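Okay, so here's the structure we're looking at.
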Amino acid sequence: MPNAKTTLFALLLLALVLATAGLLVPTLNVCLLILAGLLFGVFVHAISAWSANKFSLAYRTTYLMVVGLLLLAIGLGIFQLGSQVADRADELWNQLQSAAQTANEQLEQHAWAQKHLPDVSDIEEQLTQSSSDIVPAVLQRLQSLGWGMTAAMVIFFVGLYAAYDPDLYRDGLVKLMPPAKRERTQKVLDRMNGSLQRWIVARFVSMAIVGIATAIGMWAFGIPMPITLGVLAALLTFIPNIGPLLAAVPQMLLAVNVGPQMVLYVLMFNVVLQTFESYLITPIVQQREVSLPPVLTIAAQLLMGVVVGILGVMMAAPMVVVVMVLVQTLYIDDRQQDDDSPSSAEQ
């Protein structure tokens, strides 16, 4: 009968074989896509189950309603907001270019910065040399766009199938275990599902609060495009720890156009907002549920980012949630039971 050590050894051996064959990174990409799809499925299932209990309807009925609303929202977003998002993206890019030019002009006024700034002739030479690489770069961008659209479709449909009949997949996984371990496996899966649901709720609440607060703050400071910056901050808040840092970069660049001192105000605003989100909003939403250790989450994001890329950074936090549940359920709880057993107490 397999135990935890045998399973861990088998996983390490499989990873070694895949790495030797050059298939480790593609396999990790596929696994992360499946995990992202299951995470989306957990979200759809949670809303459908809550609606079924709230309105005394069948689960399949509320599931179809939730999926229909999601498809309607996606269609309206593409139809109504597609051109506006493109226009906003162009406007944001132009504003960032203007901010970069303003920052460069301000730095040129200082003698210590002039020797570190590139000369105009150097920039023109680099642009001339890189002009021949435009076509390969465009093709690479198109390939990345195609991969991103494919990944989004995989995540969407995996989530829908998983949420349509979650008991089918859960019971199938339980039946793979030996009879003596099936009840324990069922408890682990239920606990993992609940932890992921609470993590998703915490992320969405944090995203909404951070997005609204950022839009209001940028508007109060007089920063251009406050709504766009708020939406960008809300989306990047999905990535704990690293996301807020990325969201602060365009805010501070646009603040240069308003005034040099405004950059400091925007930085202080982000520090206060992220402290408020990390130590007040998220703990209140999660309460006594899964709380991710920041050091462990950052380490997982860096490791997955180096090995896999942006998808690894985005999925590092839910992976940490899964690992923490497994460690808590399969190791810590067992040790506590062994320590509290009568035989250990007599010793």
Side-chain angles (χ1 to χ4, degrees), residues 29-86 145-175 186 188-212 231-232 234-240 243 285-286 289-290 310-311 314-319 321-322 325:
N29 273 304
V30 173
C31 292
L32 289 176
L33 281 179
I34 299 300
L35 177 60
L38 294 177
L39 197 65
F40 177 65
V42 168
F43 169 70
V44 175
H45 171 68
I47 296 179
S48 302
W50 178 84
S51 302
N53 294 329
K54 184 70 174 180
F55 302 104
S56 300
L57 297 174
Y59 173 79
R60 298 292 172 81
T61 302
T62 56
Y63 168 83
L64 293 176
M65 293 172 59
V66 170
V67 173
L69 290 175
L70 285 175
L71 293 175
L72 180 62
I74 294 173
L76 289 176
I78 296 175
F79 181 74
Q80 295 287 344
L81 302 179
S83 60
Q84 297 183 13
V85 169
L145 179 61
W147 187 91
M149 295 178 63
T150 303
M153 295 294 292
V154 170
I155 293 172
F156 185 75
F157 283 104
V158 168
L160 292 186
Y161 283 123
Y164 180 75
D165 192 3
D167 294 337
L168 174 65
Y169 305 98
R170 182 180 57 186
D171 295 342
L173 184 59
V174 170
K175 290 178 181 178
Q186 180 75 39
V188 171
L189 293 177
D190 291 340
R191 187 170 182 177
M192 192 179 300
N193 178 68
S195 298
L196 288 175
Q197 286 184 7
R198 290 182 285 271
W199 182 83
I200 292 173
V201 170
R203 284 292 92 197
F204 280 178
V205 172
S206 299
M207 289 168 63
I209 294 177
V210 169
I212 295 173
V231 172
L232 182 62
L235 294 176
L236 290 175
T237 303
F238 181 82
I239 308 175
V285 174
Q286 292 181 340
E289 311 302 342
V290 172
I310 184 62
L311 181 61
M314 295 179 63
M315 298 306 300
M319 287 181 61
V321 173
V322 172
V325 171

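Predicted, not measured: the structure shown is a model, and the values here were computed from it.
The line from CG of L57 to OG of S48 is 11.0 Å long, rounded to the nearest 0.5 Å. In this structure, I47 CD1 and M65 CE are separated by 12.0 Å, a value rounded to the nearest 0.5 Å. Note that CE of M192 is 10.5 Å distant from CG of L38, once rounded to the nearest 0.5 Å. For the atom pair CG (N193) and CZ (R198), the distance works out to 9.0 Å, reported to the nearest 0.5 Å.
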Run the side-chain donor-acceptor check on residues 155-169: report pairs under 3.5 Å with partners two or more places apart or on a different chain.
| from | atom 1 | to | atom 2 | distance (Å) |
| --- | --- | --- | --- | --- |
| Y164 | OH | R60 | NH1 | 3.2 |
| D167 | OD1 | R170 | NH2 | 2.4 |

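The ring-ring contact (aromatic ring centres under 6.0 Å, His included) test applied to F204 returns F43, not counting sequence neighbours. Judged as a side-chain contact (heavy atoms from CB on, under 4.5 Å), and not counting sequence neighbours, the contacts of M315 are L32, L35, A36, L39, L311, P318. Under the rule for a ring-ring contact (aromatic ring centres under 6.0 Å, His included), the partners of F238 that lie at least two apart in sequence or sit in another chain are W199. For I212, the side-chain contact (heavy atoms from CB on, under 4.5 Å) partners are I216, not counting sequence neighbours. With sequence neighbours left out, the side-chain contact (heavy atoms from CB on, under 4.5 Å) criterion links L236 to L232, L246, A247.
Annotation for G211 and A234: closest pair CA-CB, 3.8 Å, computed over non-hydrogen atoms. The nearest pair of heavy atoms linking V325 to S195 is CG2-OG, 3.4 Å.
Between Y63 and H45, the side chains place no donor N or O within less than 3.5 Å of an acceptor N or O (distance only, hydrogens not considered).
Within 6.0 Å of the CE atom in M314, the count of heavy atoms belonging to other residues, nucleotides or ligands does not exceed 12.
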Q.
Under the criterion side chain to side chain contact (heavy atoms under 4.5 Å, CB included), I'd like the reasoning laid out for V201 against V205: C-alpha separation, chi angles, the key distance, then a yes or no.
A. CA-CA 6 Å; V201 170; V205 172; 4.3 Å; yes
